[in-house]
Protein chains: 2
Amino acid sequence: MSLVSILELRHLRTLAALHETGSVSRAAKRVHLTQSALSHQIKALQNHYGLSIIQRRGQAVELTDAGRHLVALAGKVLEQIQSTERDLAKISQQATGSLRIALECHTCFDWLMPLMDAYRQHWPEVELDLVSGFHSDPVKLLEEGGADVVIGSEHKQQRGIIDHPLFRFEILAVLAPEHPLRAKRILHAADFSNETLITYPVPDDRIDLILNVLKPAGIHPERRTAELTVAILQLVASRRGVAALPSWGLKNYVDHDYVIARRIGSQGLWSDLYASTLTETASRPYLRDFLTTARNTCFATLDGIIPLE
Amino acid sequence: MSLVSILELRHLRTLAALHETGSVSRAAKRVHLTQSALSHQIKALQNHYGLSIIQRRGQAVELTDAGRHLVALAGKVLEQIQSTERDLAKISQQATGSLRIALECHTCFDWLMPLMDAYRQHWPEVELDLVSGFHSDPVKLLEEGGADVVIGSEHKQQRGIIDHPLFRFEILAVLAPEHPLRAKRILHAADFSNETLITYPVPDDRIDLILNVLKPAGIHPERRTAELTVAILQLVASRRGVAALPSWGLKNYVDHDYVIARRIGSQGLWSDLYASTLTETASRPYLRDFLTTARNTCFATLDGIIPLE
DNA sequence: AGGATTAATGAATAAAATTCATATTTAAAT
DNA sequence: ATTTAAATATGAATTTTATTCATTAATCCT
């Protein structure tokens with residue numbers, strides 16, 4: 001127990017991530033460090049305060065009372081810092097510009113809408129827009145100035161473009177509650193052979209289930225499309241077919257027995273979400289703030305998502 | 001301008017000190033680092049945000065608008081951290097004990113009283129008391145448990161005792177406005193030879209003016225004592241003699257032309273204030289909090305004090 | 001002008017945080 | 001039960017970073 005406080009923001013960022021993710025190793029990814037680094041950090045804090053901050057609960061980890069105090073502190077403090085950094089951006093006149101968002105992932109509407117509302121408050125000078133419609137070549141869209149950010153599932157290593165990792169999520173098969181496949185805990189490619197697949201109106205190669213599961217297995221089910229997530233769910237519930245959707249948007253519908261959700265493949269079908277920008281856009285404060293806020297709200301509100309990188 | 005925030009509490013502590021002390025080198029002492037370290041820190045921040053935080057104003061420095069934003073942030077954040085650390089001390093059941101304060105420096109009442117009121121709120125479980133009266137051997141007082149902290153002007157290197165530096169302050173000669181010596185900007189030992197010196201009722205060797213200025217010069221003026229600072233000032237104003245008091249307590253009286261204050265010797269007469277405790281007491285959270293709070297409030301409220309160490 | 005005080009800077013050093021490699025613990029699977 | 005997998009903990013090695021040291025530049029005061 002040293003005479004001066006060793007606490008640094010690094011620790012608070014770690015604690016916040018720990019709270020968000022519920023595990024040391026996931027938190028480590030969240031703050032771009034190794035699990036070991038976080039373990040050392042936590043140990044240092046515990047020694048310093050003579051208290052345990054986390055407690056192993058089996059292979060997961062749980063915050064103690066002291067840990068929750070620090071997490072609460074982290075929440076407040078990091079929020080205030082973000083706010084001040086926005087002020088600084090305004091002072092340095094880097095608070096204006098355009099942020100036109102193109103969505104490759106239709107379900108992202110769910111979390112993007114409230115985020116945009118909050119963001120508008122913080123950056124009144126930034127021209128915030130959604131670029132609607134499907135775009136075959138998102139990189140081109142960025143380069144030609146049609147959009148400033150593309151939120152999409154695939155990560156392309158291309159010069160001039162930076163892909164900012166957002167998070168990893170699981171895609172679950174969605175079935176009507178009475179569907180014959182309800183008995184299976186896990187669905188495999190073959191299970192889809194006689195089904196109608198209900199998807200958003202995008203090409204085959206933009207649908208993870210088809211690209212990574214069905215096509216490799218040589219299975220080509222019928223397809224039917226709908227624009228909105230609710231519409232897809234409605235079709236599934238009325239037994240017109242099955243769908244594959246991110247786990248996070250399903251909870252409410254599953255809880256109300258409107259549909260049921262099943263894992264796809266023994267490891268599950270996962271997808272990684274990135275926000276891509278031009279390199280020059282990446283350094284703008286308002287873009288960086290958009291990214292951190294996006295990650296923060298997603299990790300706070302979306303169940304079952306996992307940090308990337 | 002990196003992609004992630006490099007801001008750490010270290011920076012905020014530095015900024016707060018900079019605000020308190022108004023100079024990089026004084027701030028450096030305040031946070032126990034070198035002037036160079038702080039210069040580097042500030043430069044790193046400025047590069048990171050692409051803004052200047054301080055501006056050289058001659059040989060002093062001034063905070064910019066951005067700097068003030070960060071200082072405001074620092075104030076809030078450091079306060080919240082202190083508060084959480086108090087909570088942690090309560091959780092670890094280290095929030096009880098006694099804090100009996102003995103004062104060697106009579107004027108310290110001025111800042112100690114409001115501090116104690118605030119402190120009592122934060123540490124309701126700590127038995128807070130003032131040990132009154134003059135004590136010839138403060139170390140003995142600590143060892144025998146008569147007090148837990150001694151606030152005094154002298155620094156003794158003694159095992160088992162830790163002297164926590166508080167601050168350095170200037171002692172000014174106080175005269176009646178019409179006093180013949182009013183014409184001199186600086187007073188020297190000889191100027192006191194025909195004066196009556198008005199002091200607190202303590203031995204000669206506890207009065208810095210006598211110990212460090214008059215005695216070495218072989219000058220032994222008459223003495224008269226009073227218990228309270230106001231009483232001393234009243235006697236000075238009514239021309240019963242002159243006094244030597246810390247600069248910080250004089251401002252109000254000087255501003256109202258009740259008395260005038262003059263520097264003693266060309267370099268001024270300075271005194272260092274320490275809070276001494278037993279080594280074991282030093283590690284207790286409630287004592288550490290007392291010290292930081294004391295320093296914080298003193299640097300925030302007392303004019304002309306300088307960090308020590 | 002000269003001495004003293006303060007801040008800035010670059011290189012050297014010291015300190016620390018992080019990673020690496022591995023052990024340990026717990027849960028799940030067979 | 002035994003094995004496998006997944007997670008955290010730990011000590012030593014390493015890298016990164018902060019700080020100091022030594023010096024220069026700028027400013028103030030007499």
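Here the structure is a predicted model, which means the values were calculated and not measured. Just so we're on the same page: letters track the sequence lines, and every chain starts at 1.
As a whole-Å value, the separation of B:K43 NZ from C:dG10 P is 5 Å. Regarding B:R185, its CZ atom lies at a distance of 11 Å from the C1' atom of D:dC29, rounded to whole Å. Counting to the nearest Å, the P atom of C:dA7 and the CD1 atom of B:I42 are 9 Å from each other. Rounded to a whole Å, the CG atom of A:L38 is 15 Å from the C1' atom of D:dT10. Between the CZ atom of B:R10 and the P atom of D:dT20 there is a distance of 12 Å, given to the nearest Å. Distance A:Q46 CD to D:dT10 P: 9 Å, rounded to the nearest Å. When rounded to the nearest whole Å, the span between CD1 of B:I6 and P of D:dT17 equals 10 Å. Atom pair B:I54:CD1 and C:dT9:P shows a separation of 10 Å (rounding to whole Å applied).
Distances were taken from every side-chain heavy atom of B:A37 (C-beta onward) to each of C:dA7, D:dT19, D:dG11; the shortest belongs to D:dT19. When distances run from any side-chain atom of B:L33 to the nucleotides C:dA8, D:dT19, D:dA7, the shortest one goes to D:dT19. Closest to the side chain of A:H40, out of D:dA9, D:dT20, C:dT18, is C:dT18. When distances are taken from the side chain of A:S36 to each of D:dT8, C:dC20, C:dA8, the shortest belongs to C:dC20. Among D:dT8, D:dG11, C:dA8, the nucleotide with an atom closest to any side-chain atom of A:S23 is D:dT8. Side-chain proximity of B:V24 to the nucleotides D:dT20, D:dT8, C:dA8 is greatest for C:dA8.
For B:W270 and B:F167, the distance between ring centers is not under 6.0 angstrom.
The 5' end of DNA chain C is approached more closely, in terms of each residue's nearest nucleotide, by B:A60 than by the other of A:R57 and B:A60. Closest-nucleotide positions on DNA chain D for A:S39 and B:Q59 were compared, and the one nearer the 5' end corresponds to A:S39.
Put simply, the side chain of A:R288 never gets that close to the backbone of B:S5: no donor and acceptor are under 3.5 Å apart.
Classification of B:E170 and B:R263 as a salt-bridged pair holds, one side-chain N sitting under 4.0 Å from a carboxylate O. Under 4.0 Å is where a charged nitrogen must lie from a carboxylate oxygen, and between A:E8 and A:R13 no such pair does.
A close approach under 4.0 Å does not occur between any side-chain nitrogen or oxygen of B:T34 and OP1 or OP2 of D:dT19. For the OP1/OP2 pair of C:dT26 and a distance below 4.0 Å, the side-chain nitrogens and oxygens of A:R56 include no atom meeting the criterion. Contact annotation: A:Q41 side-chain N/O to C:dA17 OP1/OP2 distance is not under 4.0 Å.
Side-chain contact between A:I264 and A:L172 is absent, with no heavy-atom pair separated by less than 4.5 Å.
A donor-acceptor contact under 3.5 Å is not formed by the side chain of A:Q35 with the base of D:dA7.
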